[in-house]
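The block underneath contains the structure these notes are about, expressed in structure tokens.
No experiment lies behind these values; they were computed from the predicted model shown. Order of listing sets the numbers, starting from 1, for every ligand and every atom in it.
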Amino acid sequence: MVEHEMMVKTICFKTLRELFGLDNDFNIIAGPCAIESKEQMESVAKILKKNAVVFLRGGAYKPRTSPYDFQGLGLDGLKILDDVRKCYNLLTVTEILDPRDVELGMRYTDIIQIGSRNMQNYSLLKEVGKSNHPVLLKRGMMATLQEFLYAAEYLAYEGNERIILCERGIRTFENGIRNMLDIAGIATIKNETSLSVIADLSHSLGRKDIIKLVAKCLVPLCNGIMVEIHPDPKNALSDSQQQLNFDEFTDVVNVIQMVLDRNK
Ligand code: PEP
Ligand code: MN
């Protein structure tokens, strides 16, 4: 590989807070795994507002391991997300899987997510790079930090500096946890770049019982967390075992607020 100066390491101060003119350095992105209905998204939006959380997530195009599983509502889901963000004045994050849908992503969401499985989909990276739309890039579940940064480099190379990196756990031999959240990896990226780094606690841990404890540790380390929440997790159409109900979510928000207040 020819060594180049990495553009992604020279991007200055494009943190989540700066990108969207927010008050807080630590932000929470929450919402269901998949957008299932307008009612579901409205109930989620209401609980976000109640907890002063500004970022709503929800997948319209779901990358599922099995083709028989729920694949998402597609464009109808994007339109629901768009209606809800306008109605509740929220910023939204949703995954785009196909380079041909990047324009839809630009129209219907504030942040385009490139998921773990697509971290090295170079056509998608180039298309989102050209769009200059804020992008949340997840680390591939089998990607080294160097490969993660090179994926971000594709975005920067095409001119898009509005990059938020998301550590979502990597595969290891441990099977009690869905994926291993790489805290040292987050610290390394924070040292080497000035990009926002957030941690996805739902797809990394894959279980709810340790989210609060892990969230507490992350406050001083990174720029935020992503968590999946659902009005009725047991009956969610995807990732039902890891989504928080609204009370559990409120608990997590309170714990984070407590740490933030203590560190003031
Ligand atoms: C998601 O955020 O909905 C998702 C599928 O995550 P990941 O790409 O990290 O598996
Ligand atoms: Mn999910």
Side-chain angles (χ1 to χ4, degrees), residues 16 27-36 40-41 44 55-67 69-74 77-78 80-81 91-98 101 105 108-121 124-125 128 134-143 145 147-148 151-152 155 163-172 177-182 185-186 189 196-208 211 214 218 222 224-245 248-249:
L16 253 192
N27 285 281
I28 299 171
I29 301 174
C33 181
I35 298 163
E36 297 171 5
Q40 170 220 28
M41 292 307 285
V44 171
F55 289 102
L56 170 66
R57 64 148 282 150
Y61 300 97
K62 295 305 303 174
R64 305 305 302 280
T65 303
S66 164
D69 287 338
F70 178 57
Q71 303 286 310
L73 297 180
L78 289 185
I80 291 174
L81 192 64
L91 294 162
T92 57
V93 184
T94 200
E95 178 163 0
I96 294 296
L97 298 176
D98 188 317
D101 291 334
Y108 291 118
T109 190
D110 298 287
I111 302 175
I112 291 175
Q113 174 173 313
I114 297 180
S116 182
R117 291 155 190 80
N118 270 323
M119 189 206 83
Q120 287 179 312
N121 178 338
L124 182 61
L125 290 167
V128 176
V135 49
L136 186 148
L137 176 66
K138 288 196 168 194
R139 181 180 180 180
M141 61 188 88
M142 287 177 283
L145 291 176
E147 288 163 345
F148 189 19
L155 298 164
I163 305 165
I164 302 136
L165 297 177
C166 179
E167 161 62 35
R168 50 79 73 208
I170 49 176
R171 284 196 161 171
T172 69
I177 295 165
R178 185 175 176 182
N179 291 286
M180 191 61 72
L181 182 71
D182 182 5
I186 296 176
I189 292 173
S196 265
V197 184
I198 67 156
D200 177 341
L201 296 189
S202 295
H203 293 93
S204 53
L205 308 178
R207 47 195 267 189
K208 311 203 271 190
I211 286 189
V214 179
L218 287 171
C222 61
I225 59 160
M226 176 182 271
V227 275
E228 287 185 334
I229 68 172
H230 193 282
D232 181 14
K234 270 205 291 302
N235 290 307
L237 297 182
S238 55
D239 280 346
S240 57
Q241 78 296 343
Q242 71 192 26
Q243 304 203 56
L244 301 175
N245 66 33
E248 291 162 338
F249 172 60

Indicate yes or no: at least one non-hydrogen side-chain atom of Leu56 is less than 4.5 angstrom from one of Val44.
yes
Counting non-hydrogen protein atoms only, what is the nearest one to atom 6 (O) of ligand 1? Give residue, atom name and distance.
Lys138 NZ, 2.9 Å
Do the charged groups of Glu228 and Arg57 touch, with an N to O distance under 4.0 Å?
yes
Atom 10 (O) of ligand 1: of Met226, Arg168, Lys62, Arg178, the nearest heavy atom sits on Arg168
Protein contact to atom 4 (C) of ligand 1 [nearest heavy atom, distance to 0.1 Å]
His203 NE2, 3.5 Å
Side chain proximity check, Arg139 to Leu145, heavy atoms < 4.5 angstrom
yes
List the residues meeting side chain to side chain contact (heavy atoms under 4.5 Å, CB included) with Glu147, not counting sequence neighbours, and say none if there are none.
Met119, Gln120, Ala143, Thr144
If you leave out waters, which protein N, O or S atoms are less than 2.8 Å from the Mn ion (ligand 2)?
Cys33 SG, His203 NE2, Glu228 OE2, Asp239 OD2
Can a donor-acceptor pair be found between the side chains of His230 and Asp239 at a distance below 3.5 Å?
no
Could you tell me whether the side chain of Glu248 reaches within less than 4.5 Å of the side chain of Ile211, counting heavy atoms only?
no
Any side-chain donor near an acceptor of the partner, Asn179 and Ser204, under 3.5 Å
no
Please work out, at 4.0 Å between heavy atoms, whether the side chain, the backbone, both, or neither of Gln113 comes within that distance of ligand 1.
side chain
Could you tell me the residue and atom name of the protein heavy atom closest to atom 8 (O) of ligand 1, and the distance to it rounded to 0.1 Å?
Ser116 N, 2.8 Å
How about Leu155 and Ile114: do any of their side-chain heavy atoms sit closer than 4.5 Å?
yes
Only heavy atoms of Gly115, strictly under 4.0 Å: list the atoms of ligand 1 that pass.
8 (O)
Might you point out which heavy atoms bring Arg64 and Ser238 nearest each other, and give the distance in Å?
NH1-CB, 3.3 Å
